[in-house]
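FYI, the numbering just counts along the sequence from 1. Predicted, not measured: the structure shown is a model, and the values here were computed from it.
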Amino acid sequence: MAKSSSSWIRILAILALTLAIWVSAAHAGAQFKISDGVTTVTVLDNGPGDSDPTVGVILYAPGGGGPFPGLLVTVDTGISKPVHPFPGTIDLNAIEVTSTSAGAQNFILQLSDTDFSFPQGATHLVMSLGGTLTGSGNTISFDGYEDNTNTIFGTSGLHIGPATFGPGAFSGLLLAGSFPVAPYSLTEIVSIHFAGPGVTSFDTELRVVPEPATLTLLGLGVLGLGACAWRRRKGEASPTR
């Protein structure tokens, strides 16, 4: 009997360890991805390339502007749970992305996180954004996704956007009715087309907000845009490892 009990204890311990490993692998935290179509860099929260040790913050600040010919990247920051003060929210901002090439270049930045559980049911998916872009013929587009398959960088669920802008200062607030089922993932994608030299900086936030909240959503969007300067200052002063 004692031998049988000992065997069951070992089996249960192995199962518990396996489950812990599986859960950890299933939710590895936020991920940031940046690509010029040839070279792609993926940065996991607290992984190589993340200069901020805070869980829920990814700070990508490559020395020398990054591994992208003709493109210079200063500081990009992705913010998710548990740091972001609002549940069901991710935020992606760039201090400065510069094209020094006379030819056309495409550049994509993505932020994604999984295992969001609040809010659920009848909600709104809201994307607020703002920034600047210089250079004739250059454009920048913003897309947001809420995916009930809980897939990192998942784009099979509700889509909001694209919101596309040309040179100059820009801002926007997009919203659509949604019905998330926990757990779900959120993904932001920013696509930059440089027709020639130019510079952009931006801040975009994707949030799931409970119903009913039309006026509240508009207020939250304004607050989100107003936080751009604070986040940029944080990026400029963020710690390095």
Side-chain angles (χ1 to χ4, degrees), residues 25-80 90-115 127 129 131 133 135 138-147 149-157 159-165 185-206 231 235 238 240-241:
H27 179 220
Q31 294 187 30
F32 169 74
K33 187 183 295 185
I34 184 168
S35 176
D36 64 355
V38 177
T39 301
T40 298
V41 175
T42 301
V43 181
L44 278 62
D45 191 9
N46 275 319
D50 180 9
S51 298
D52 192 319
T54 307
V55 174
V57 178
I58 297 175
L59 179 67
Y60 179 68
F68 310 104
L71 291 166
L72 301 176
V73 180
T74 53
V75 177
D76 296 323
T77 307
I79 304 173
S80 185
I90 59 174
D91 184 282
L92 174 62
N93 71 80
I95 300 298
E96 192 172 279
V97 178
T98 303
S99 172
T100 59
S101 173
Q105 289 184 297
N106 294 310
F107 206 47
I108 298 177
L109 301 90
Q110 303 179 60
L111 176 67
S112 185
D113 199 0
T114 60
D115 293 332
M127 182 169 63
L129 55 95
L133 175 67
N138 296 339
T139 61
I140 185 169
S141 295
F142 299 83
D143 292 270
Y145 296 87
E146 176 264 301
D147 190 345
T149 67
N150 199 35
T151 303
I152 196 76
F153 297 112
T155 58
S156 63
H159 173 217
I160 189 168
T164 304
F165 304 90
S185 66
L186 294 174
T187 300
E188 289 185 291
I189 301 177
V190 181
S191 305
I192 308 168
H193 172 71
F194 287 113
V199 182
T200 186
S201 62
F202 63 83
D203 187 288
T204 176
E205 183 178 83
L206 186 67
R231 295 191 182 101
S238 295
T240 57
R241 290 178 174 175

Minimum heavy-atom separation for [X] to [Y], with atom names?
X: N46; Y: D52; answer: OD1-O, 3.8 Å
X: G154; Y: S112; answer: N-OG, 4.5 Å
X: I152; Y: T114; answer: N-CG2, 3.6 Å
X: L44; Y: I58; answer: C-CD1, 4.2 Å

Who are the side-chain hydrogen bond (donor to acceptor under 3.5 Å, both in side chains) partners of [X], not counting sequence neighbours?
X: T151; answer: T149
X: E188; answer: T204
X: S99; answer: Q105

Derivation of the side chain to side chain contact (heavy atoms under 4.5 Å, CB included) call for L92 and F202: CA-CA 8 Å; L92 174 62; F202 63 83; 4.2 Å; yes
Side chain to side chain contact (heavy atoms under 4.5 Å, CB included) assessment of L59 paired with D50: CA-CA 5 Å; L59 179 67; D50 180 9; 4.1 Å; yes
Show me the donor-acceptor pairs within less than 3.5 Å that the side chains of residues 64-75 make with the rest of the protein, sequence neighbours left out.
residue	atom	partner	partner atom	Å
T74	OG1	E96	N	3.2
T74	OG1	E96	O	3.0

Quick check: do [X] and [Y] have side-chain heavy atoms less than 4.5 Å from each other?
X: I34; Y: F107; value: yes
X: I108; Y: S191; value: yes
X: D113; Y: L186; value: no
X: F165; Y: F142; value: yes

Please round to the nearest 0.5 Å and tell me the distance separating atom [atom1] of [X] and atom [atom2] of [Y].
X: K33; Y: L109; atom1: NZ; atom2: CG; answer: 12.0 Å
X: F153; Y: Q110; atom1: CZ; atom2: CD; answer: 5.5 Å
X: T54; Y: I79; atom1: OG1; atom2: CD1; answer: 10.0 Å
X: E146; Y: M127; atom1: CD; atom2: CE; answer: 14.0 Å
X: T100; Y: F194; atom1: OG1; atom2: CZ; answer: 9.5 Å
X: I140; Y: L133; atom1: CD1; atom2: CG; answer: 6.0 Å

ring-ring contact (aromatic ring centres under 6.0 Å, His included) contacts touching residues 33-64 (sequence neighbours left out):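 Qualifying pairs, neighbours excluded: F32-Y60.
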Any side-chain donor near an acceptor of the partner, S141 and T164, under 3.5 Å: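 T164 and S141 do have a side-chain donor-acceptor pair below 3.5 Å.
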Side-chain donor or acceptor of N106 paired with backbone N/O of H193 under 3.5 Å: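 Pair absent, no side-chain N/O of N106 close to backbone of H193.
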A195 backbone acceptor or donor facing N138 side chain under 3.5 Å: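 Confirmed, N138 side chain pairs with A195 backbone.
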Stepwise side chain to side chain contact (heavy atoms under 4.5 Å, CB included) test for T155 and I189: CA-CA 10 Å; T155 58; I189 301 177; 4.2 Å; yes
Chi angles and distances behind the side chain to side chain contact (heavy atoms under 4.5 Å, CB included) call for D76, L111: CA-CA 10 Å; D76 296 323; L111 176 67; over 6 Å; no
Contacts table for residues 35-42: side-chain donor-acceptor under 3.5 angstrom, sequence neighbours left out:
residue	atom	partner	partner atom	Å
S35	OG	G37	N	3.0
S35	OG	T39	O	3.3
S35	OG	T40	OG1	2.9
D36	OD1	V38	N	2.9
D36	OD1	T39	N	2.7

